[in-house]
Amino acid sequence: MQVEVIIGLKEGVLDPQGKAVHHALESLGFKGIQGVKTGKVITLEIANNNKEEVKKEVESMCEVLLANLVIENYTIKI
């Protein structure tokens, strides 16, 4: 089963990389951009067809390693 984990910064956490991308896009002539948030996507291939088991396992992975829960949120797409 293929699973995507989308990780992004929580509201209120400064995103210097997002600000840099925003500035660079404006410098290149792209107008009307109100904000940029950066994050990461992790794609996992898991040898299990039980969606509930996979979701619980991936949640555990996020809480232990993949996401910094102090400053990041995550979304799981199965």
Side-chain angles (χ1 to χ4, degrees):
M1 179 175 299
Q2 186 170 336
V3 180
E4 278 189 350
V5 179
I6 302 162
I7 300 170
L9 294 171
K10 291 182 177 181
E11 284 297 319
V13 175
L14 296 177
D15 185 357
Q17 187 176 11
K19 284 189 182 242
V21 170
H22 185 197
H23 179 70
L25 288 170
E26 285 185 336
S27 295
L28 292 169
F30 295 100
K31 302 297 178 202
I33 300 168
Q34 294 182 339
V36 176
K37 289 185 175 186
T38 60
K40 56 190 168 189
V41 176
I42 300 170
T43 304
L44 304 166
E45 279 291 332
I46 299 178
N48 186 341
N49 290 325
N50 184 312
K51 284 187 176 185
E52 290 301 315
E53 288 177 6
V54 168
K55 185 176 179 186
K56 286 181 183 178
E57 186 175 23
V58 174
E59 284 175 347
S60 180
M61 291 176 190
C62 289
E63 292 171 10
V64 172
L65 176 67
L66 300 179
N68 178 348
L69 300 180
V70 174
I71 62 170
E72 295 175 322
N73 290 321
Y74 64 88
T75 303
I76 298 169
K77 289 187 178 181
I78 298 177

Run the side chain to side chain contact (heavy atoms under 4.5 Å, CB included) test on K10 and I71 for me, step by step, so that the C-alpha distance in whole Å, both residues' side-chain angles and the decisive distance to 0.1 Å come before the verdict. CA-CA 6 Å; K10 291 182 177 181; I71 62 170; 5.8 Å; no
Are there over 12 heavy-atom neighbours, none belonging to E11, within less than 6.0 Å of that residue's CD? no
Under a single-linkage definition using a 4.5 Å side-chain heavy-atom cutoff for Ile, Leu, Val, Met, Phe, Trp and Tyr, are V5 and L69 assigned to the same hydrophobic cluster? yes
Minimum heavy-atom separation for G18 and V36, please, with both atom names. O-CB, 3.5 Å
Above 12 or not: heavy atoms from other molecules or residues under 6.0 Å from CD of Q17? no
Atom NZ in K37, atom CG in L9: separation rounded to 0.5 Å? 8.5 Å
Listed partners of K51 passing salt bridge (Lys or Arg N to Asp or Glu O under 4.0 Å), at least two apart: none
Rounded distance (nearest 0.5 Å) linking atom CG of N68 with atom CD of E63: 12.5 Å
Rounded to the nearest 0.5 angstrom, the CD1-CD distance for I78 and E4 is 11.5 Å
Applying a strict under-4.5 Å side-chain criterion to I, L, V, M, F, W and Y, I'd like to know whether V21 and I33 cluster together. yes
If hydrophobic clusters are built by linking Ile, Leu, Val, Met, Phe, Trp and Tyr wherever their side-chain heavy atoms come under 4.5 Å apart, do I76 and L65 end up in the same one? yes
With a 4.5 Å cut-off on side-chain heavy-atom distances among I, L, V, M, F, W and Y, is there a chain of contacts connecting L44 to M1? yes
Search all heavy atoms of E72 against all heavy atoms of L66 and return the closest pair with its distance. OE1-O, 4.4 Å
For residues 53-62, dump all side-chain donor-acceptor pairs below 3.5 Å to protein atoms at least two apart in sequence or in another chain.
from	atom 1	to	atom 2	distance (Å)
E53	OE1	N48	ND2	2.9

